[in-house]
Amino acid sequence: MKILVCISHVPDTTSKINFSDGDTKFDTNGVQFVINPNDEFGLTRAMWFKEKQGASVDVVNVGGPETEPTLRKALAIGADTAIRVNTEATDGFAVAKQLASVVKNGGYDLVIAGRESIDYNGGMVPGMLAGLTSANFVNNCISLEIDGTSAKAVREIDGGKETVSTALPLVIGGQKGLVEESDLRIPNMRGIMMARKKPLSVVEPVDASAETASVKFEKPAPKGAVTLVDADNVGELVNLLHNEAKVI
């Protein structure tokens, strides 16, 4: 079984986020980048298939040279080879088109993507990728078993869970629950050294125009922000709290 895991290069959630050029561009200065958490759950599940069923595992990213350390980390975790599509990740459709080209050229049986990335939270790439490659698709996947060319998956739905059976080739949008958080792997020194020798190929992009563009960014209000009450309205507020809300 050939598995391809899609890896997004995203800012660490502990990084301080800023914007530049009149809040029209994301400022990467001082930002630490990591493997997208939903993708990391998928990569860990792929490693299980490699170790238990002898699957081969490739990882792919759409981005510039700055994303290669993230791909190397995936190799250190245990992936066999890495592919970087040499173009900026713009909108979801353009990314899906690039990934679809890699999938078709590689002849993959299973493609594991995170259901969404934690930077833009678009949640559209896995579904579009399945459509572009004519593969079956399971989103919000929290469990996956493969037996030959058949797959059994569990996905989250409103109010519960749903178990589905399908056939390969298959694209899943994975998330937390696909593996336990305790099963996530931290690269050890041996893995890091081996990753340096594993192939990381750079492929040129196919023609794919972006269908959307970010116009402007805006930070949310700080947590715990307090709205000040005009002094002239304090008496009215006290009256409402005492007589209507029954606050003594």
Side-chain angles (χ1 to χ4, degrees), residues 1-15 28 30-86 89 95 98-99 102-103 105-119 125-126 141-148 151 168 170-203:
M1 179 169 58
K2 291 187 67 177
I3 301 175
L4 181 68
V5 182
C6 303
I7 299 293
S8 292
H9 174 79
V10 299
D12 191 313
T13 54
T14 61
S15 297
T28 60
V31 176
Q32 178 71 33
F33 285 84
V34 297
I35 298 174
N36 181 52
N38 286 322
D39 302 341
E40 193 169 5
F41 287 113
L43 176 59
T44 304
R45 189 59 180 163
M47 295 311 305
W48 188 92
F49 288 125
K50 176 181 177 179
E51 293 163 359
K52 303 295 184 180
Q53 299 183 6
S56 64
V57 179
D58 297 346
V59 291
V60 62
N61 166 261
V62 178
E66 70 280 358
T67 68
E68 291 190 5
T70 298
L71 284 174
R72 288 290 180 194
K73 180 180 178 182
L75 291 173
I77 288 172
D80 299 306
T81 65
I83 303 164
R84 178 173 67 82
V85 183
N86 190 30
V95 170
Q98 302 302 334
L99 294 175
V102 173
V103 172
N105 290 333
Y108 294 98
D109 304 297
L110 173 64
V111 180
I112 301 178
R115 69 168 188 176
E116 63 182 359
S117 60
I118 62 169
D119 48 4
V125 171
C141 187
I142 56 173
S143 176
L144 179 65
E145 301 289 343
I146 305 292
D147 183 8
L168 304 181
L170 172 67
V171 176
I172 71 163
Q175 63 179 61
K176 182 179 178 180
L178 192 57
V179 298
E180 297 296 329
E181 285 191 74
S182 59
D183 292 330
L184 296 177
R185 306 184 180 192
I186 299 174
N188 55 32
M189 184 56 66
R190 183 172 181 272
I192 293 170
M193 296 301 292
M194 291 180 63
R196 295 178 181 177
K197 299 178 181 179
K198 291 181 179 179
L200 193 163
S201 59
V202 179
V203 299

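Treat the numbers as computed from the prediction; the structure is a model and nothing was measured.
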Side-chain donor/acceptor of [X] to backbone N/O of [Y], under 3.5 Å:
{"X": "Asn86", "Y": "Val202", "value": "no"}
{"X": "Arg84", "Y": "Leu200", "value": "no"}
{"X": "Lys198", "Y": "Ala79", "value": "yes"}
{"X": "Lys2", "Y": "Gly106", "value": "yes"}
{"X": "Asp80", "Y": "Val57", "value": "yes"}

### Query
Picking from Asn36, Thr70, Ile83, what satisfies side chain to side chain contact (heavy atoms under 4.5 Å, CB included) with Ile7?
Thr70
### Query
Can you name the side-chain contact (heavy atoms from CB on, under 4.5 Å) partners of Pro37, sequence neighbours left out?
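Applying side-chain contact (heavy atoms from CB on, under 4.5 Å) to Pro37 gives Val10, Ile118.
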For residues [X] and [Y], report the shortest heavy-atom separation together with the two atoms involved.
{"X": "Asp39", "Y": "Ser8", "result": "OD2-N, 2.7 Å"}
{"X": "Phe33", "Y": "Val31", "result": "CD1-O, 3.6 Å"}
{"X": "Asn38", "Y": "Gly174", "result": "CB-O, 3.7 Å"}
{"X": "Gln98", "Y": "Val85", "result": "OE1-CG1, 3.7 Å"}
{"X": "Ile35", "Y": "Ala74", "result": "CD1-N, 4.1 Å"}
{"X": "Ile112", "Y": "Gly42", "result": "CG2-CA, 3.5 Å"}

When rounded to the nearest 0.5 angstrom, what is the spacing between [atom1] in [X] and [atom2] in [Y]?
{"X": "Met194", "Y": "Asn188", "atom1": "CE", "atom2": "CG", "answer": "9.5 Å"}
{"X": "Thr44", "Y": "Ile77", "atom1": "OG1", "atom2": "CD1", "answer": "6.0 Å"}
{"X": "Ile3", "Y": "Leu170", "atom1": "CD1", "atom2": "CG", "answer": "10.5 Å"}
{"X": "Ile172", "Y": "Arg115", "atom1": "CD1", "atom2": "CZ", "answer": "12.5 Å"}
{"X": "Arg45", "Y": "Glu145", "atom1": "CZ", "atom2": "CD", "answer": "5.0 Å"}

### Task
Go through Val60 and Asp58 one step at a time and tell me if the side chain to side chain contact (heavy atoms under 4.5 Å, CB included) criterion holds.
CA-CA 7 Å; Val60 62; Asp58 297 346; over 6 Å; no
### Query
Heavy atoms, side chains only, cut-off 4.5 Å: are Ile146 and Asp109 in contact?
no
### Message
Let's go through Leu99 and Cys6 carefully: what are the C-alpha distance in whole Å and the side-chain angles of both, what is the deciding distance for side chain to side chain contact (heavy atoms under 4.5 Å, CB included) to 0.1 Å, and is it a yes or a no?
### Response
CA-CA 8 Å; Leu99 294 175; Cys6 303; 4.0 Å; yes
For [X], give me all partners under side chain to side chain donor-acceptor pair (under 3.5 Å), at least two apart in sequence or on another chain.
{"X": "Asp12", "result": "Thr14"}
{"X": "Thr67", "result": "Asn61"}
{"X": "Ser15", "result": "none"}
{"X": "Gln53", "result": "none"}

### Message
Do the side chains of Lys176 and Glu40 get close enough for a salt bridge, i.e. N-O under 4.0 angstrom?
### Response
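Salt bridge between Lys176 and Glu40, a charged N being under 4.0 Å from a carboxylate O: no.
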### Query
In this structure, are over 12 heavy atoms from other groups packed under 6.0 Å from Glu180 atom CD?
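For Glu180, atom CD is not crowded (no more than 12 foreign heavy atoms under 6.0 Å).
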### Task
Could you give me the CA-CA distance, side-chain angles and deciding distance for Cys141 and Leu178, then say whether side chain to side chain contact (heavy atoms under 4.5 Å, CB included) is met?
CA-CA 7 Å; Cys141 187; Leu178 192 57; 4.0 Å; yes
### Message
I'd like to know whether Val103 forms a side chain to side chain contact (heavy atoms under 4.5 Å, CB included) with Val171, so could you lay out the CA-CA distance, the side-chain angles of the two residues, the decisive distance to 0.1 Å, and finally the verdict.
### Response
CA-CA 10 Å; Val103 172; Val171 176; over 6 Å; no
### Query
Taking only residues at least two apart or on different chains, which pairs with a member in residues 35-71 satisfy ring pair (Phe, Tyr, Trp, His ring centres under 6.0 Å)?
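Checked against ring pair (Phe, Tyr, Trp, His ring centres under 6.0 Å) - neighbours excluded - no pair reaches residues 35-71.
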